[in-house]
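Not measured: the values here are computed from a predicted model. By convention in this document, chain letters (A, B, ...) are assigned in the order of the sequence lines, proteins followed by strands, and residues within each chain are numbered from 1.
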Number of protein chains: 2
Amino acid sequence: MKSELQVFQDYIRLRELRRTPERERILREIFEIHGHFDVDGLYLQLKQKGVKVSKASIYRALPLFIDCGLVREVEFSQGHWHYEHIYGHSHHNHLRCLSCGEIQEFENLFLHCLEEQLAKEYGYRIKSHHLQVEGLCPACRQREDEAGRS
Amino acid sequence: MKSELQVFQDYIRLRELRRTPERERILREIFEIHGHFDVDGLYLQLKQKGVKVSKASIYRALPLFIDCGLVREVEFSQGHWHYEHIYGHSHHNHLRCLSCGEIQEFENLFLHCLEEQLAKEYGYRIKSHHLQVEGLCPACRQREDEAGRS
DNA sequence: TTTTTATTGAGATTCATTCGCTATAGTACT
DNA sequence: AGTACTATAGCGAATGAATCTCAATAAAAA
Ligand SMILES: [Mn+2]
Ligand SMILES: [Mn+2]
Ligand SMILES: [Zn+2]
Ligand SMILES: [Zn+2]
């Protein structure tokens, strides 16, 4: 399997763009982040490490990473986008706790069938799906129950 | 079944807010819109009818309608939110054409099972889910095929 | 090297959304 | 009806994420 850097370099060559240290540094940082991130968090994390990249460069690099399948937009919340790297991970969806924000990832063997069914029923050629489930995690569920009882 | 106006009035009383002609006019307009809408479109539609409400009032009213289950956010795209009224409609998800933007609504008998499975597996109390499927509609699919052949 | 031109950083700009202010108008209680 | 209380409306200003501008820089190709 190609490294994410290799994937990006191939993409850069294909699109006749240029390899730059900024883009590759941002990419490396993204693949060091465990979990979801936003532009501001990524920027601050780089800044703390003494890496000098501008927010504009991050905003300009993200669409490239997304375009070549390394990163995806996860959700728009708190007024801005949140992302995650996906290269090397199996496709998954998110179960989010409405109370504490904890995110549980899960895989769905079934949604493939749904896609096929939709393709047949409506004549669409399905490209992707995005499922987000929300609820209360075990801890917050318990807390809610106790609050309700009193 | 209560009317959407009645639902809203009950909610207003419960939360000890005030009935105002603006809020009720905005609500009425929303339930006259077939399909999805955004704040700007709603505002212009009201303006064209000679109704004088400010955008700020729309922005302030929407969270109330969402809170009492009359309206929901559909998706964030093109830099802003899109909404739809849901009261009186069965729960549905969206199949969107990536090329022309056409939206096909569909119901999912199955996702209930998925919710139960997730509840069991992770101990979550599921509150809602949001599934968005993307692809090419029949017309755009055909157009893509023809372009590829030539 | 030299040339070409994509990319960068910093600041300006855009645009959706929110906020602050004051006048107004719902609501409740005489 | 009249009065008091205060939530809400409208307006313009403020906010903040994302994009754009532009001069300086540095990849890539020759
Ligand atoms: Mn994830
Ligand atoms: Mn819909
Ligand atoms: Zn939780
Ligand atoms: Zn289409």
Side-chain angles (χ1 to χ4, degrees), chain A residues 5-6 8-30 36-47 49-68 71-83, chain B residues 5-6 8-30 36-47 49-68 71-83:
Chain A
L5 183 60
Q6 193 57 57
F8 185 58
Q9 288 175 358
D10 291 352
Y11 171 80
I12 285 291
R13 198 169 316 122
L14 184 73
R15 293 249 337 240
E16 298 183 336
L17 305 173
R18 287 177 183 174
R19 280 184 63 183
T20 72
E22 288 83 1
R23 284 171 175 169
E24 296 188 353
R25 188 63 189 76
I26 293 166
L27 183 62
R28 183 150 64 82
E29 198 64 28
I30 287 174
H36 301 174
F37 66 92
D38 54 19
V39 169
D40 223 54
L42 178 57
Y43 175 70
L44 291 175
Q45 188 165 319
L46 283 164
K47 179 170 246 182
K49 294 186 182 178
V51 180
K52 210 169 153 294
V53 275
S54 72
K55 264 189 200 174
S57 292
I58 295 175
Y59 277 114
R60 283 186 286 231
L62 277 171
L64 304 180
F65 301 153
I66 291 170
D67 195 38
C68 62
V71 171
R72 76 167 171 195
E73 290 172 341
V74 177
E75 63 166 347
F76 186 90
S77 63
Q78 288 122 44
H80 58 265
W81 280 104
H82 296 248
Y83 307 84
Chain B
L5 183 61
Q6 193 58 56
F8 185 58
Q9 289 175 357
D10 291 352
Y11 171 81
I12 284 292
R13 198 170 316 121
L14 185 72
R15 293 252 333 243
E16 298 183 336
L17 306 174
R18 286 179 182 171
R19 281 183 64 182
T20 71
E22 288 83 1
R23 285 172 175 170
E24 296 188 352
R25 187 63 189 76
I26 293 167
L27 182 63
R28 183 149 64 81
E29 198 64 28
I30 287 175
H36 301 173
F37 66 92
D38 55 19
V39 168
D40 223 53
L42 178 57
Y43 175 70
L44 291 174
Q45 187 165 320
L46 284 163
K47 180 170 246 182
K49 293 186 180 177
V51 180
K52 207 168 155 295
V53 274
S54 73
K55 264 189 200 173
S57 292
I58 295 175
Y59 278 114
R60 283 185 287 231
L62 277 172
L64 304 180
F65 300 153
I66 290 170
D67 195 39
C68 63
V71 171
R72 77 167 171 194
E73 291 172 342
V74 176
E75 62 166 349
F76 186 90
S77 63
Q78 288 123 41
H80 57 266
W81 281 105
H82 297 248
Y83 306 84

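- In this entry the distance linking CD of B:E22 with C1' of D:dC11 reads 14 Å, nearest Å.
- Considering only side-chain N and O atoms, A:R23 lies under 4.0 angstrom from the phosphate OP1 or OP2 of C:dT8.
- DNA chain D is contacted by both A:I12 and B:I12; B:I12 maps to the nucleotide lying nearer its 5′ end (nearest heavy atom per residue).
- D:dA18 atom C1' lies 17 Å from atom CD of A:Q78, rounded to whole Å.
- Applying side-chain contact (heavy atoms from CB on, under 4.5 Å) to B:I26 and the options B:V51, B:L42, B:T20 leaves one that passes, B:L42.
- With hydrogens and angles ignored, the 3.5 Å screen pairs a side-chain donor or acceptor of A:R23 with a backbone N or O of A:R18.
- Ion pair A:R25/A:E29 flagged as a salt bridge, since at least one NZ, NE, NH1 or NH2 atom sits closer than 4.0 Å to an Asp/Glu carboxylate oxygen.
- The separation between B:R18 atom CZ and D:dA9 atom P is 10 Å, rounded to whole Å.
- Using cut-offs of 30° and 60° on the angle between ring planes, the pair A:H82 and A:H80 is parallel.
- Taking atom CG of residue A:D40 and atom P of nucleotide D:dT15, one finds them 17 Å apart after rounding to whole Å.
- The phosphate of D:dA7 (OP1 or OP2) has no side-chain N or O of B:T20 nearer than 4.0 angstrom.
- With a 6.0 Å radius and a threshold of 12 heavy atoms from other residues, nucleotides or ligands, B:E16 has its CD atom at or below the threshold.
- Separating the CG atom of A:L17 from the P atom of C:dT7 is a distance of 5 Å, rounded to the nearest angstrom.
- The stretch residues 54-64 of chain A touches DNA chain C through A:S54, A:S57, A:R60, each having a heavy atom within less than 4.0 Å of the strand.
- In this structure, B:E73 places its CD atom 12 Å from C1' of C:dT17, rounding to the nearest Å.
- When each of D:dA18, D:dT8, C:dA16 is scored by its nearest atom to the side-chain atoms of B:H80, the top-ranked nucleotide is C:dA16.
- Comparing A:E16 and A:Y43 along DNA chain C, the residue whose closest nucleotide (by nearest heavy atom) sits nearer the 5' end is A:E16.
- At whole-Å resolution of the value, CD in A:E24 and P in D:dA27 are 10 Å apart.
- The nearest whole Å value for the distance from the CD1 atom in A:I66 to the P atom in D:dA18 is 11 Å.
- In this pair, A:Y83 and A:W81 present their aromatic rings tilted. The plane angle is within the 30 to 60° band.
- Using a 4.5 Å cut-off on side-chain heavy atoms (C-beta onward), A:D10 and A:Q6 make contact.
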